[in-house]
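Following: one structure in structure tokens, then a few remarks.
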Amino acid sequence: YINPFVTAEDPNRVPVKDDEGNSLEPAGSEMDENDHEITNSALPSNFNELAGWVSGAIANSEFSEDQISVSVSSSGSITIRFKDSVLFAPNSAELTPQGRRAVGMFVPALRALNDYIAKVNIGGHTAAVPGPSEYNDWTLSSARACSVLNYMEWRVAVDPNKYKAEGYAQYSPIADN
């Protein structure tokens, strides 16, 4: 299966070819030298350390706190929010190389704490744009959430049965539209 929304190539995976030896990989699936996992020095050893680790990873990355933010709820869940322009081009559900780096920098910590993580909810959003759009916001927001989920699953961040993807379209905005 080739996810049409995530084009990153797994360097350890044997390329998919048809019976005649032609590549079935999506166009643009090659990784560039900057498309690597960004890590923070010491991984968190328990769930209580995760929010601090995530904040440190953001501070030590190419991203600003305006682009990626972290918050902890009173119930103990951790929310990592990405500005849509970090992950996707307008009206697209394909993760950009920058988006893969942004999501990828958290994978080592999630993988290290897999046993402590009960679920990973991934919400996709779109902006409320006046007038008709050639893209259905429900489809686009759901596809965006699935792109992030598929990328995290491909990177083996947590057990696959812990993921949940939801599309919110232009409703439930996380920022002013």
Side-chain angles (χ1 to χ4, degrees), residues 3 5-8 28 31-114 116-129 137 140-158 162-177:
N3 175 6
F5 300 115
V6 179
T7 60
M31 292 178 74
D32 68 28
E33 68 275 3
N34 296 320
D35 195 19
H36 60 279
E37 191 171 279
I38 300 169
T39 60
N40 203 8
S41 55
L43 291 173
S45 60
N46 61 59
F47 195 76
N48 294 330
E49 295 175 1
L50 182 58
W53 186 93
V54 168
S55 294
I58 296 167
N60 293 319
S61 75
E62 68 189 271
F63 303 102
S64 70
E65 290 182 12
D66 291 338
Q67 294 175 304
I68 305 173
S69 63
V70 61
S71 61
V72 180
S73 74
S74 60
S75 66
S77 66
I78 296 173
T79 301
I80 303 171
R81 293 190 191 276
F82 299 87
K83 197 168 192 175
D84 67 338
S85 60
V86 170
L87 300 179
F88 305 103
N91 291 321
S92 173
E94 182 178 323
L95 278 169
T96 63
Q98 178 186 29
R100 291 192 303 269
R101 288 191 307 273
V103 174
M105 76 174 155
F106 303 115
V107 168
L110 297 174
R111 190 180 297 139
L113 297 177
N114 180 49
Y116 298 99
I117 296 172
K119 63 183 174 178
V120 176
N121 293 327
I122 302 167
H125 298 268
T126 58
V129 179
D137 285 336
L140 181 59
S141 64
S142 297
R144 285 178 167 185
C146 287
S147 287
V148 173
L149 183 154
N150 286 331
Y151 184 69
M152 291 177 66
E153 183 178 31
W154 175 75
R155 295 292 303 276
V156 192
V158 297
K162 296 180 180 183
Y163 291 115
K164 178 181 178 182
E166 298 178 308
Y168 296 106
Q170 70 271 26
Y171 307 102
S172 300
I174 58 173
D176 290 338
N177 287 319

| message | Quick check: closest heavy atoms across A145 and G123, and the distance to 0.1 Å? | response | CB-C, 4.1 Å

| request: Report yes or no: does E153 contribute a side-chain atom to a donor-acceptor pair with the main-chain N or O of L149 at less than 3.5 Å? | output: no

| query | In Å and rounded to the nearest 0.5 Å, what is the NE2 to CG distance from H125 to L87? | reply | 11.0 Å

| If you measure from CH2 on W53 to CD1 on I78, what distance do you get to the nearest 0.5 Å? | 11.5 Å

| Which atom pair, heavy atoms only, marks the closest approach of A89 to T96? | N-CG2, 3.9 Å

| Does any N or O in the side chain of R111 come within less than 3.5 Å of the main-chain N or O of V156, such that one atom is a donor and the other an acceptor? | yes

| query | So how far is it from L140 CG to N91 CG, rounded to the nearest 0.5 Å? | reply | 6.0 Å

| message | Return the CD1 to OG distance between I122 and S142, rounded to the nearest 0.5 Å. | response | 12.5 Å

| task | Kindly determine whether F88 and V148 satisfy side chain to side chain contact (heavy atoms under 4.5 Å, CB included), including the steps that lead there. | result | CA-CA 10 Å; F88 305 103; V148 173; 4.1 Å; yes

| message | Tell me the closest heavy-atom pair linking F63 and V86, and the distance in Å. | response | CE2-CG1, 3.7 Å

| message | Measuring only between side-chain heavy atoms, which start at C-beta, is K162 closer than 4.5 Å to N114? | response | yes

| task | Could you check if a side-chain atom of V120 sits within less than 4.5 angstrom of a side-chain atom of L110, using non-hydrogen atoms only? | result | no

| field | Backbone of L95 reached by a side-chain donor or acceptor of S147 within 3.5 Å | value | no

| field | Any donor-acceptor N/O pair, S55 side chain to A51 backbone, under 3.5 Å | value | yes

| request: Measure the spacing between CZ of R101 and OG of S61 and express it to the nearest 0.5 Å. | output: 10.0 Å

| Flag side-chain contact, heavy atom, 4.5 Å: F106 against V70 | no

| More than 12 heavy atoms of other groups within 6.0 Å of K83 NZ | no

| query | Do S73 and T79 touch side chain to side chain, with heavy atoms closer than 4.5 Å? | reply | no

| task | Indicate yes or no: at least one non-hydrogen side-chain atom of R100 is less than 4.5 angstrom from one of R155. | result | no

| field | From CG (D66) to CD1 (I58), nearest 0.5 Å | value | 11.0 Å

| Non-hydrogen atoms of I68 and A102 that approach each other most closely | CD1-CB, 3.9 Å

| request: Specify the closest pair of heavy atoms between E65 and S69, including all atoms of both residues, with the distance to one decimal. | output: O-CB, 3.9 Å

